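These notes are about the structure you will find just below.
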Amino acid sequence: MMTDDTYDDAGELFRTIRNRRGLTIRQVHGNLHKTAVSHFENNGSDIRMTNLMTILKPTYTMPQEFFELIDHTNNRLRALSIKISNAYQQMDTATLTQLADRYANAKKDNPPRYLLKLVIKSFLSDLKHQQPVFSNEEEDYLQDYLLKAGPWFFFEYYVYSNVCFSLSKRVNDRLVQQMIRQYDTFHLSSYDELFFGAFCYEVTPVNPIFIRFSILSLALTSSRIPLSLDI
């Protein structure tokens, strides 16, 4: 089990994350030239902190997770999680509907935004008692994304732990086995609560609303909460 291993090369780690999210260099480079990102990924070229933050943003990777993976020691996702948590616990369908509208145009060619769109849909449908939540096409997309080759990072655990309540048993049986394999192969301690929340839902008859509140509370336990919601 690789719980404390790190990536020696920041560029290699970024490439792994970008590929895992299904994003191209064009989708992440921002104001940087595409060749600068390519050199960073493949040649270990230095990169300014501000430029690193720019290319991390579209991947929905928290900077603290990135640096923890590098030096052995995303606020954006945390902000969205807190907003979803507050709305869900207050049964505020209006706020969740606003978030759903914000992500309504998210397409499959941008997996992070599309997956967050499905997370929001899961919570909103739960409050509205709508079943089934996902179409066959959406469920197949979630399954294909989470089963594809590559490690699970915080984002993958976040997505699965918050949509597992809305998936069919057939798909959940496959995905929970994949999650266990990925967790055994590699994980950081910051993934634990999401892992055990999803795992407990699958193997124990615990009230799913209780588990869902437990998972969402993860976003509220950190002092590193941004002052703005740039999502």
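Both backbone and side-chain heavy atoms feed into the values below; hydrogens, waters and symmetry mates do not. Worth saying up front: this structure is predicted, and the values here are computed from it rather than measured.
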*Stepwise, does the side-chain contact (heavy atoms from CB on, under 4.5 Å) test hold for Tyr158 with Val119?*
CA-CA 9 Å; Tyr158 175 81; Val119 168; 4.3 Å; yes
Is it the case that the side chain of [X] and the backbone of [Y] share a donor-acceptor pair, with hydrogens and angles ignored and the cut-off at 3.5 Å?
| X | Y | answer |
| --- | --- | --- |
| Arg113 | Tyr103 | no |
| Ser122 | Leu118 | no |
| Arg21 | Thr59 | yes |

*Any idea how Tyr183 and Phe195 line up, ring-wise: parallel (<30°), tilted (30 to 60°), or perpendicular (>60°)?*
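Correct class here is parallel.
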*asked:* Below 30° counts as parallel, above 60° as perpendicular, anything between as tilted: where do the rings of Trp152 and Tyr157 land?
replied: perpendicular
Is the count of non-hydrogen atoms from other residues, nucleotides or ligands lying under 6.0 Å from [X] atom [atom1] greater than 12?
| X | atom1 | result |
| --- | --- | --- |
| Asn43 | CG | yes |
| Arg48 | CZ | no |
| Asp101 | CG | yes |

Is the shortest distance from a Lys or Arg side-chain nitrogen in [X] or [Y] to a carboxylate oxygen in the other one below 4.0 Å?
| X | Y | answer |
| --- | --- | --- |
| Asp144 | Lys148 | no |
| Lys108 | Glu138 | no |
| Arg170 | Glu139 | yes |

*asked:* Evaluate Ile17 against Phe66 for side-chain contact (heavy atoms from CB on, under 4.5 Å), listing each step before the verdict.
replied: CA-CA 9 Å; Ile17 293 172; Phe66 187 86; 3.9 Å; yes
*Worked verdict on Phe14 versus Thr61 for side-chain contact (heavy atoms from CB on, under 4.5 Å)*: CA-CA 10 Å; Phe14 179 76; Thr61 299; over 6 Å; no
*asked:* How long is the straight-line distance from CG of Asp173 back to CD of Gln178, given to the nearest 0.5 Å?
replied: 13.5 Å
Taking the side chain as every heavy atom from C-beta outward, state whether [X] and [Y] have any pair of such atoms under 4.5 Å apart.
| X | Y | value |
| --- | --- | --- |
| Asp126 | Tyr88 | yes |
| Ile55 | Phe40 | yes |
| Arg102 | Ile120 | no |
| Leu116 | Phe155 | yes |
| Asn162 | Ile84 | no |
| Phe153 | Gln182 | no |
| Tyr60 | Leu115 | no |
| Leu32 | Thr54 | no |

_Residues which pass salt bridge (charged side-chain N to carboxylate O under 4.0 Å, His left out) with Arg15, listed by chain and number, not counting sequence neighbours_ = none
*Between the side chains of Ser85 and Gln89, is a donor N or O closer than 3.5 angstrom to an acceptor N or O?*
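The criterion, which ignores hydrogens and geometry beyond distance, is satisfied for Gln89 and Ser85.
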Do any side-chain atoms of residues 91-99 form donor-acceptor pairs under 3.5 angstrom with protein atoms, and if so which ones, sequence neighbours left out?
{"unit_1": "Asp92", "atom_1": "OD1", "unit_2": "Ala94", "atom_2": "N", "d": "3.3"}
{"unit_1": "Asp92", "atom_1": "OD1", "unit_2": "Thr95", "atom_2": "N", "d": "3.1"}
{"unit_1": "Asp92", "atom_1": "OD1", "unit_2": "Thr95", "atom_2": "OG1", "d": "3.4"}
{"unit_1": "Asp92", "atom_1": "OD2", "unit_2": "Thr95", "atom_2": "OG1", "d": "2.5"}
{"unit_1": "Thr97", "atom_1": "OG1", "unit_2": "Thr93", "atom_2": "O", "d": "2.7"}

*Ile25 and Ser38: CA distance, side-chain angles, deciding distance, side-chain contact (heavy atoms from CB on, under 4.5 Å) verdict*: CA-CA 8 Å; Ile25 288 179; Ser38 180; 4.1 Å; yes
